[in-house]
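No experiment lies behind these values; they were computed from the predicted model shown.
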Amino acid sequence: MSEHRYDPRAIEPKWQEIWERERIWEVSNDEVEGAPKSYVLEMLPYPSGEPHMGHLKNYSVGDAVAHFHRRNGRRVLHPMGYDAFGLPAENHAIRTGEHPRDSTAKSIAQFQTQLRRWGLSIDWSREFGTHEPRYYRWTQWLFLKLFERGLAYRKEAAVNWCPVDATVLANEQVIDGRCERCGNLVEARQLEQWFFRITDYADRLLDDLEDIRWPSHVKTMQRNWIGRSEGAEVTFADPETGSEYPVFTTRPDTLFGATFFVMAPEHPDVLRLTAGTEHEQAVRDYVNKALTESSDERSDTDRTKTGVPLGRSVINPVNGERIPMWVADYVLMEYGTGAIMAVPGHDERDFDFATTFGLPIRRVIDCEGELPCSEDGRIVNSHPDFDGLHNRDALEKIVDWLDEQGKGHRSINYRLRDWLLSRQRYWGCPIPIVYCDACGMVPVPEEDLPVLLPDVEDYAPKGRSPLAAAEDWVNTTCPSCGAAARRETDTMDTFVDSSWYFLRYTDAANDEAPWDPEVTNRWAPVDQYIGGVEHAILHLMYARFFVKAFADMGLLDTQEPFNALFTQGMITRDGAKMSKSKGNMISPVPYVERYGADTARCYILFIGPPEHGADWTDKGVEGVHRFLGRLWRLGADVAASTGKQEPLGPLDSPEGDDLELMRKAHWAIDKVTEDMAGRFAFNTAIAAVMELVNDAYRYRGTVHPQTLHFATATAASLIFPFAPHTGADVYDMLTGDRVWEEPWPAADLAMLERDTVEVVLQVNGKLRARIQVPADASREALEAMARDQERIQAHIDGHEVVKVIVVPAKLVNFVVR
RNA sequence: GCCCGGGUGGCGGAACUGGCUAGACGCGAUCGGCUUAAACCCGAUUGUCCCUCGUGGCGUGUGGGUUCGAGUCCCACCCCGGGCACCA
């Protein structure tokens, strides 16, 4: 019908140029009276290669939220940056010979081009990469603050070592015993490394989850990762050697059922206890075997339990029983005390072990069913003081008794370990520490920061940091005494960089400090954070820890970095995860070129609920493109007939089709607003605008021009957060105004209510008729009208009406016999 | 094994608190219009069954239950996705 053609290739650059030239999305740090702030943030991209569909989804969601908040009168901070240090860039460099500095710069340039091409409403004035000295200078500064407070420290420990990437890894980066990055089996190595004392914050990290609006499964994952267990530490003694062995148990109520005692192969006393005895050789062999096993093999719960006796025993403090000591690999050195009391009657693992080695099994709780059984019940076979008590009550009493006797006390254990942050890799933030023979470990003075990452030609991993080869850089003088000294050559885990970037955005140009608390407290915390669920533990836990630590130092007021979190699902192709190795990556580029950014953005939001994964189909993209084209052409046609005008005061008292279309427009306003504000239901929000446009086409021949004008301008206004160029263009054609300066439309509630409504008439719950009735018809009136209906009479005549259910404005149901 | 999600047309998905007719919106398909023709565009139909075409029967993974009324609540089971997994 229209000769007008929807041409995103003309429309999109036009609006992007205006936004960029007038710096529309930049926001100042000044406080504005009466304008509440909103900090909307998507997780920053890792610049390796080109942006992919996951980025398009992430930023389409975030941009829609940012636009919605802006038009609802908030001052929105919506920045962007790059998480530029890290292994993938370095591994890429090793493969291709291209320096990480260069490949990263190239990738960042691609992101910059693409993100602008997508028309995102970003405040580019705050942009940075975490690999830039002006940023990592402050990463180092923050490290030193943590070091000052004892929250960063060095210690020797058994750590995870990836032989392929030739570096240590944090616990969080080991998945099923394998390196998160390269997938190879991880080895245990005894090394001195840098740690952050995140375990000091375990309780606060756990408790404060209550106060933030995060998806419950993410909270659950964090709770599990912290793994707080309440119980008791109980001391088992060996009077012969005079040694005492504390164990941690969550079930001190089962102490009387302990029939043996097990130590981890790594326990330092295992070899000592057997030295010179007949058991020495067997124990030595067993320990050696256990230590060389991969953590993968060792953590296989299905395999038969193994272990060997130590030939020694300890005394159970509650009943004086001597129980034999064993060493077995199902006991872990890292958790608790590295030794356990074994209660085979009430613990599945101990039961398996006891069954394998013919050790006694004793029931001490009268729980239902066969042993082993971990249910609650009454205490039996234990001690006259406790027998008959419910085990939970007995637990408290037993711990009190142990405490009085000095044989134990209440205790809490966590699964969470300190965060191992040092990496023996090149492409990372240098750790600002100097080693001096006289002064020991000396922090680099603040005024000497940043410690620049030196240019190194050979950055291949060799088991020690490639920085160690940069002799000129390594050799320095001690900041404290001036003598010759050496720099720390390890670099920081990339997660350190990304644990505070959201704070830097608030005051990105500051070269006196990482941020000015005055300024940052105006923006922080992030009001809405958006990103992939794959960061549920690592990044989100580390960032929370940093914020709490900085708050303790007085650098921040907030205790939590991200007030609300939204996790988006993955985009797949033919049901399969996209990956470079599978060769099924879809780049957004051809879609953006062919259909425009608005189509690509709308489609990725329309495809389904954004928290779910979704499969990309080319046909679906075309459908959304058709819709945007329909809207645009409608706008062009209406503008051609009405000219530019203010959104009308439409007809004073619209009737017929005018009224229907007006109602639809207000319905759509209400629906989109609900879907945006309450939840992230972008798919149904877009569907509502589609319905409005469909109705506009349906009624275009029969309504007044001003009604059509109103409906079309409303559709443009509502689609703007998802398709900003099209929304702005259509709105401009119709009104000459800038849609982003318009307040978010408000639905006229009177338009949502109807004078008459359709009421469903049922007999025995089956639909038998429908009638139009006044919306405010009373129950009695409704029932009377229903009884008058022929079809209802046909179904109730000759039956006894037992009950009539009337739901005003909804239905009438006759229950008959 | 444990803990979360989730099973709705040919497909992606709607249906907020049990009732405003399950299947919005989009894709695909079929038909019609426009066109010399095609694409684009516009319009109609599209859960299923029936020689009964009816404001007909049946229909939200399976089997039970609660209720006047269940996709929605309860119980049991099957399947799919995710997380955790010798953490004492």
query = Base, sugar-phosphate alone, or nothing: which one does A/Phe627 contact when heavy atoms must sit under 4.0 Å apart?
reply = nothing

inquiry  = With a 4.0 Å cutoff (strictly under), does any side-chain N or O of A/Arg630 reach OP1 or OP2 of B/C42?
reply    = yes

request  = Going 5' to 3' through nucleotides 65-72 of chain B, assign each nucleotide B (protein heavy atom under 4.0 Å from a base atom), S (under 4.0 Å only from sugar-phosphate atoms) or - (no protein heavy atom that close).
outcome  = ---B----

query = What residues form a side chain to side chain contact (heavy atoms under 4.5 Å, CB included) with A/Pro215, not counting sequence neighbours?
reply = A/His217, A/Val218, A/Leu565, A/Thr567

Any A/Asn413 side-chain N or O less than 4.0 Å from OP1/OP2 of B/A88 = no

key: Pairwise P distance, B/A38 and B/A22 [rounded to whole Å]   = 41 Å

Within 45° cone of A/Tyr697 ring axis and under 6.0 Å: A/Arg630 NZ or CZ = yes

inquiry  = Looking at A/Pro610, is its backbone amide N or carbonyl O close enough to the side chain of A/Lys57 to form a donor-acceptor pair, meaning the two atoms are under 3.5 Å apart?
reply    = yes

request  = Assign A/Asn694 to base, sugar-phosphate, or nothing according to its heavy-atom contacts below 4.0 angstrom with the strands shown.
outcome  = sugar-phosphate

query = What residues form a side chain to side chain contact (heavy atoms under 4.5 Å, CB included) with A/Ala716, not counting sequence neighbours?
reply = A/Val730, A/Tyr731

note = Per the O4'-C1'-N9-C4 / O4'-C1'-N1-C2 angle with a 90° window around 0, B/G9 comes out syn

query = Looking only at N and O atoms, is any donor in the side chain of A/Lys305 or the base of B/C86 less than 3.5 Å from an acceptor on the other one?
reply = yes

inquiry  = Does B/A85 have OP1 or OP2 under 4.0 Å away from a side-chain N or O of A/Arg415?
reply    = yes

